[in-house]
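Quick caveat: nothing in here was measured; it's all calculated off a predicted structure.
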Amino acid sequence: AYGLRTEDVYFSGTPELAIGQGSNKGIVLEFDPAGWVGKVSKEKPGWETSWGLGQAEYTARPAPGVDTKNSLRAFTVKPDAIGDKVNKMVLKRTIESLIAKGWTKTVQDDGAIRMERPPTMRDSLEQAIKTIGG
């Protein structure tokens, strides 16, 4: 989800519903919901059961005029998500660049790397959305 998208993007309220579907192999992106307009996805069989258990999948798109490229709050990369050496080096450089910009890196018990955007950057996004009437 980036830029001024106009098509729906699929989201999950829990990592269990997000990991391992389709080509999703271990990278979880967490977005600030401010600026997104969405609804519960009722496309998959059993959605009502999941909803009853407090889990859901959603479809959403940016609110009109909202640029969502800065709505990423955090991301987590599972240890086996990146296989080849070239992409591992790209990830390493990306993480180093984000840390230099104030992001926080945490290595989780399972070896996953979690990167979180600084709160001041999130606050700026929320303020910008309020300013434009979101």
Side-chain angles (χ1 to χ4, degrees):
Y2 58 90
L4 294 172
R5 292 184 70 112
T6 56
E7 70 271 11
D8 285 345
V9 179
Y10 289 85
F11 292 93
S12 168
T14 62
E16 295 78 21
L17 291 176
I19 295 288
Q21 296 190 31
S23 62
N24 299 330
K25 301 298 180 198
I27 299 176
V28 177
L29 306 175
E30 299 173 38
F31 291 92
D32 188 329
W36 292 89
V37 178
K39 62 183 178 182
V40 174
S41 175
K42 299 178 181 178
E43 297 173 15
K44 292 186 179 178
W47 74 268
E48 291 166 318
T49 303
S50 294
W51 180 257
L53 296 171
Q55 299 180 340
E57 292 182 306
Y58 307 89
T59 57
R61 64 178 56 195
V66 174
D67 184 348
T68 59
K69 68 182 173 191
N70 290 320
S71 67
L72 181 67
R73 281 187 183 170
F75 65 92
T76 303
V77 181
K78 298 292 182 182
D80 58 350
I82 309 294
D84 64 81
K85 290 181 182 182
V86 172
N87 284 322
K88 284 184 181 180
M89 286 302 300
V90 170
L91 176 64
K92 181 179 182 220
R93 288 188 191 131
T94 300
I95 288 172
E96 290 169 354
S97 173
L98 291 173
I99 289 171
K101 293 177 182 176
W103 286 60
T104 304
K105 175 184 174 183
T106 306
V107 179
Q108 299 176 334
D109 292 341
D110 65 355
I113 297 171
R114 177 175 169 79
M115 297 294 297
E116 289 186 68
R117 182 184 296 272
T120 55
M121 293 175 94
R122 290 195 302 260
D123 294 344
S124 296
L125 171 68
E126 290 170 8
Q127 184 58 45
I129 290 169
K130 287 177 186 173
T131 300
I132 61 171

Test of understanding: clusters of I, L, V, M, F, W, Y form through side-chain heavy atoms closer than 4.5 Å, transitively. Do [X] and [Y] belong to the same one?
X	Y	answer
L98	M89	no
V90	F75	no
W36	V40	yes
F31	V37	no

Closest non-hydrogen atom pair, [X] against [Y]:
X	Y	value
I82	K88	O-CE, 2.9 Å
P118	G102	CG-O, 3.0 Å
R73	P33	NH2-CD, 3.4 Å
W103	A74	CZ3-CA, 4.4 Å

State, with a plain yes or no, whether a side-chain heavy atom of [X] is found less than 4.5 Å away from one of [Y].
X	Y	value
L91	N87	no
M115	V77	no
P79	Q108	no

| said: I'd like to know if the side chain of S97 reaches the main chain of R93, judged simply by a donor and an acceptor atom lying under 3.5 Å from each other, with no hydrogens or angles considered. | reply: no

Side chain to side chain contact (heavy atoms under 4.5 Å, CB included) assessment of R114 paired with V28: CA-CA 9 Å; R114 177 175 169 79; V28 177; over 6 Å; no

